[in-house]
Colleague: 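Quick one: the structure is below, and I'll ask about it shortly.
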2 protein chains.
Amino acid sequence: MTGNGQKRAVGRPPRIEKQRIVDVARRILEEEGVEAVSMRRIAKEVGATPMALYHHVRDKDELLMLTLAGMASTVPRPELPDDPRDRIVATAVHMHAVLSDMIWVIDVLSRGDLTDKGALWMADEIVDSAIRCGLTPHQAIHAYRTIWYLVYGALVFRRADARRAADPGRKPFFPSLLTQDDAGDLPRLAALSEQWEEVTAAYDVAAQLEAVVDGLLARAVSPG
Amino acid sequence: MTGNGQKRAVGRPPRIEKQRIVDVARRILEEEGVEAVSMRRIAKEVGATPMALYHHVRDKDELLMLTLAGMASTVPRPELPDDPRDRIVATAVHMHAVLSDMIWVIDVLSRGDLTDKGALWMADEIVDSAIRCGLTPHQAIHAYRTIWYLVYGALVFRRADARRAADPGRKPFFPSLLTQDDAGDLPRLAALSEQWEEVTAAYDVAAQLEAVVDGLLARAVSPG
DNA sequence: ACCTGAACACCGTTCAAGT
DNA sequence: ACCTGAACACCGTTCAAGT
C-alpha cells in the first residue's frame, strides 16, 4: 500500500510489527533478564498467539540476536585520547562501562553472534591503535580478542559475585569452606582467605586493562 | 545398619543414591551439554520420579554445582617450571587446556560458584608465584582474576566460533555483513576483513597469556 | 501473507499422601 | 526418611486451517 521501499505490499497486511516484537523482547531482557524471555510471554504482551511470532523471526535465538541491533547507538561515542596506547585502554574501559549498564547483552552475545554494526567502531579503534603502536595486523587482532575476553569475563563474574552477595542462602564455596586442613595444600589462599572477598570486590578493570594492554603492546617490533 | 560413619541410619533406607544422581547429571552434561539436563530426564535415567531427586538436592542449581566436585582430580597435576613467571603462565595454560576438554564446566561455573576444592591449587600457584615475582598480595589476587577472566572468555568464544562454523545456516555477522559503505567508518576492519576469520582461528591462548602475565608482573615493586 | 488453534513433547517445583 | 502421583504453571515449535 504505502510501501516502505523495501517490500511489495502483497497479501494480508501485518497486524504485529517485527520491531514491536523485538522491542518487547528487549524490554523483558532489560527488566527481568534472559531467563524471563519466552516466545509465549512476548506473544501475550504484543497481543498475539505464540505462533504469530514465527512469521517474523525464525526462532527464539534469532529474536534474541535482533535485540542487540541498535544498542550501541543508544550510548554517545566518547572522546578518546590521541595517544594510541591510551586510546586502546579508554576504548576497552568504555566497552566495559557500557555493557555494565546493559548486562543482559552479555547473555545474548554468549548465545551467538554480534549483530550490532554500531558496536564495531570499538574493535576498529583497538585494532587500529594497536597497529599504530607497532603491532602487526595479526597481533592487533589477537590483542583485540584478548582485551574483549577480559572485559567479558570481568562482567560475567562481577554479576555472579553480585548474585551471591544478594542471596544470603548460598554461601560462597571459597574462601568459606577452606578449613585448617587446607592450609598445608593451599598456603597462599589460606593466608589470604580473610582478605579475599574485600580484595576481589576492589577489582579495578581499568587498572587491569592498563597492565594487560602494556603487556600486549610490548610485543611490538618498534615499541611506542 | 552398616553405617557410613557420617549419618545415623534411621527411617527408610534410600533407594537412589545422591552420588548416582550427580553422576547421571554429569554424564548428560558431558555428552549433550547443559541444555539437555533436566530434573525429569535425570529422574527417568536413575529410575525414579522427578520429585525423588528433591530429597537429595535442594534444586536443579545445587545439583549442577555438585557435578563440579571431583572434576579437578580426574586430571593429573602437571609438573610446573620453577621460575615463578613461567609457573603462572604454565598454570594458566593448564587451566585452559583442562577446561577445553570439559567445556560443560564453564556453563555450570557461570551459573554459580566453584565447588571443587581440587581446583584451588591453580589459584594458589598463580597467587603465590605472583607474590614471588614482587606483586603485593592485593595485586596478586587481582592478577589471578584477570588471568582467569581471559581463560574463561577464550573458552566461551572459542566454542561460540566452533558452533557457528558447524552451522552453515547462520552466517557470522562480522565480517560478512561489512559492506563498502562501512569502509569509511571502519577502515581497519574493512581492510582486514578478508583475513579476519583465518587470524582469529589462529588465536594462541598461551602466547596471549605470556604477554598478559608480563604486563601484570610489570606492576611489581621489585621486578623479577 | 499473516495469523489462529490445537497439539506434541517437554520444563521446575509444590503439595498431600503413602510406606 | 524416602518416595510417589497428581497437579500447577509454564516451555519451543510443528502442522493444518482460516482470512
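All values derive from a computational prediction rather than experimental measurement. Every chain is numbered from 1 and lettered A, B, ... according to where its sequence line falls, protein lines coming before strand lines. Just so you know, these numbers use all the heavy atoms, side chains as well, and skip hydrogens, waters and symmetry mates.
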Colleague: Whole angstrom is fine here: how far is it from NZ in B:K18 over to P in D:dC2?
Modeller: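 Distance check: B:K18 NZ to D:dC2 P gives 11 Å.
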Colleague: I need the full list of side chain to side chain donor-acceptor pair (under 3.5 Å) pairs touching residues 183-206 of chain B, with sequence neighbours left out, sorted by first then second residue.
Modeller: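 Output for this query lists A:D128-B:R188, A:T146-B:Y203.
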Colleague: Taking the side chain of A:H55 as its heavy atoms from C-beta onward, which of D:dG5, C:dC3, D:dT13 lies nearest to it?
Modeller: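 Within the option list, the nearest is C:dC3.
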Colleague: Please report whether the ring centroid of A:H94 lies less than 6.0 Å from that of A:W121.
Modeller: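 Ring centroids of A:W121 and A:H94 are less than 6.0 Å from each other.
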Colleague: May I have the distance from B:H56 (atom NE2) to D:dA1 (atom P), rounded to whole angstrom?
Modeller: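 Roughly 12 Å, once rounded to whole Å.
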Colleague: For DNA chain D, list all stems, counting runs of three or more consecutive pairs where every pair is Watson-Crick or G-U wobble with both distances under 3.5 Å.
Modeller: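 The stems are C:4-8 with D:12-16, C:12-16 with D:4-8.
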Colleague: Measuring from A:M71:CE to A:L114:CG, what's the distance to the nearest 0.5 Å?
Modeller: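 A:M71 atom CE to A:L114 atom CG measures 12.0 Å (nearest 0.5 Å).
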Colleague: Using the salt bridge (Lys or Arg N to Asp or Glu O under 4.0 Å) criterion, which residues pair with A:E35? Sequence neighbours excluded.
Modeller: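 Testing A:E35 for salt bridge (Lys or Arg N to Asp or Glu O under 4.0 Å), a comparison that skips the adjacent residues, returns none.
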Colleague: What's the gap between D:dC11 and C:dA7 when it is taken at their C1' atoms, as a whole Å value?
Modeller: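 So the two C1' atoms sit 14 Å from each other.
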Colleague: Would you say A:H142's side chain and B:A207's backbone share a donor-acceptor pair under 3.5 angstrom?
Modeller: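 Judged by distance alone, no pair lies under 3.5 Å.
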Colleague: Which residues pass the side-chain hydrogen bond (donor to acceptor under 3.5 Å, both in side chains) test with A:R26, sequence neighbours left out?
Modeller: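 Partners of A:R26 under the side-chain hydrogen bond (donor to acceptor under 3.5 Å, both in side chains) test: A:D23.
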Colleague: Could you check if a side-chain atom of B:L53 sits within less than 4.5 angstrom of a side-chain atom of B:V46, using non-hydrogen atoms only?
Modeller: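 They are in contact (side-chain heavy atoms under 4.5 Å apart), so the answer is yes.
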Colleague: Round to a whole Å and report the spacing from CZ of B:R20 to P of D:dC2.
Modeller: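 Nearest whole value for this atom pair: 18 Å.
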Colleague: Could you list, one pair per line, each protein nitrogen or oxygen that sits under 3.5 Å from a nitrogen or oxygen of nucleotides 10-12 of chain D, together with the distance?
Modeller:
unit_1, atom_1, unit_2, atom_2, d
D:dC11, OP1, A:S38, OG, 2.8
D:dC11, O5', A:S38, OG, 3.4
D:dG12, OP1, A:M39, N, 3.1
D:dG12, OP1, A:K60, NZ, 3.1
D:dG12, OP2, A:M39, N, 2.9
D:dG12, OP2, A:R40, N, 3.4
D:dG12, N7, A:R40, NH1, 2.4
D:dG12, O6, A:R40, NH1, 2.7

Colleague: Can you sort out the partners of A:R87 under salt bridge (Lys or Arg N to Asp or Glu O under 4.0 Å), two or more places apart, ordered by chain and number?
Modeller: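 In terms of salt bridge (Lys or Arg N to Asp or Glu O under 4.0 Å), with neighbours along the sequence ignored, A:R87 is linked to A:E125.
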Colleague: For atom C1', what is the distance between C:dC10 and D:dA9, given to the nearest Å?
Modeller: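 Roughly 14 Å separates the two C1' atoms.
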Colleague: Using atom CG of B:D61 as one end and atom C1' of C:dT13 as the other, report the distance to the nearest whole Å.
Modeller: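 In whole Å, C:dT13 C1' lies 13 Å from B:D61 CG.
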Colleague: Which whole-number value in Å describes the distance from B:M51 CE to D:dA1 P?
Modeller: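 So the CE-P distance, B:M51 to D:dA1, works out to 16 Å.
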Colleague: Looking at the side chain of A:A52, which of C:dT13, C:dC3, C:dG5 is the nearest nucleotide?
Modeller: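 Closest nucleotide among those given: C:dC3.
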Colleague: Over 60° means perpendicular and under 30° means parallel, so tell me whether B:F157 and A:Y152 are parallel, tilted or perpendicular.
Modeller: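 If you compare the ring of B:F157 with that of A:Y152, the planes turn out perpendicular.
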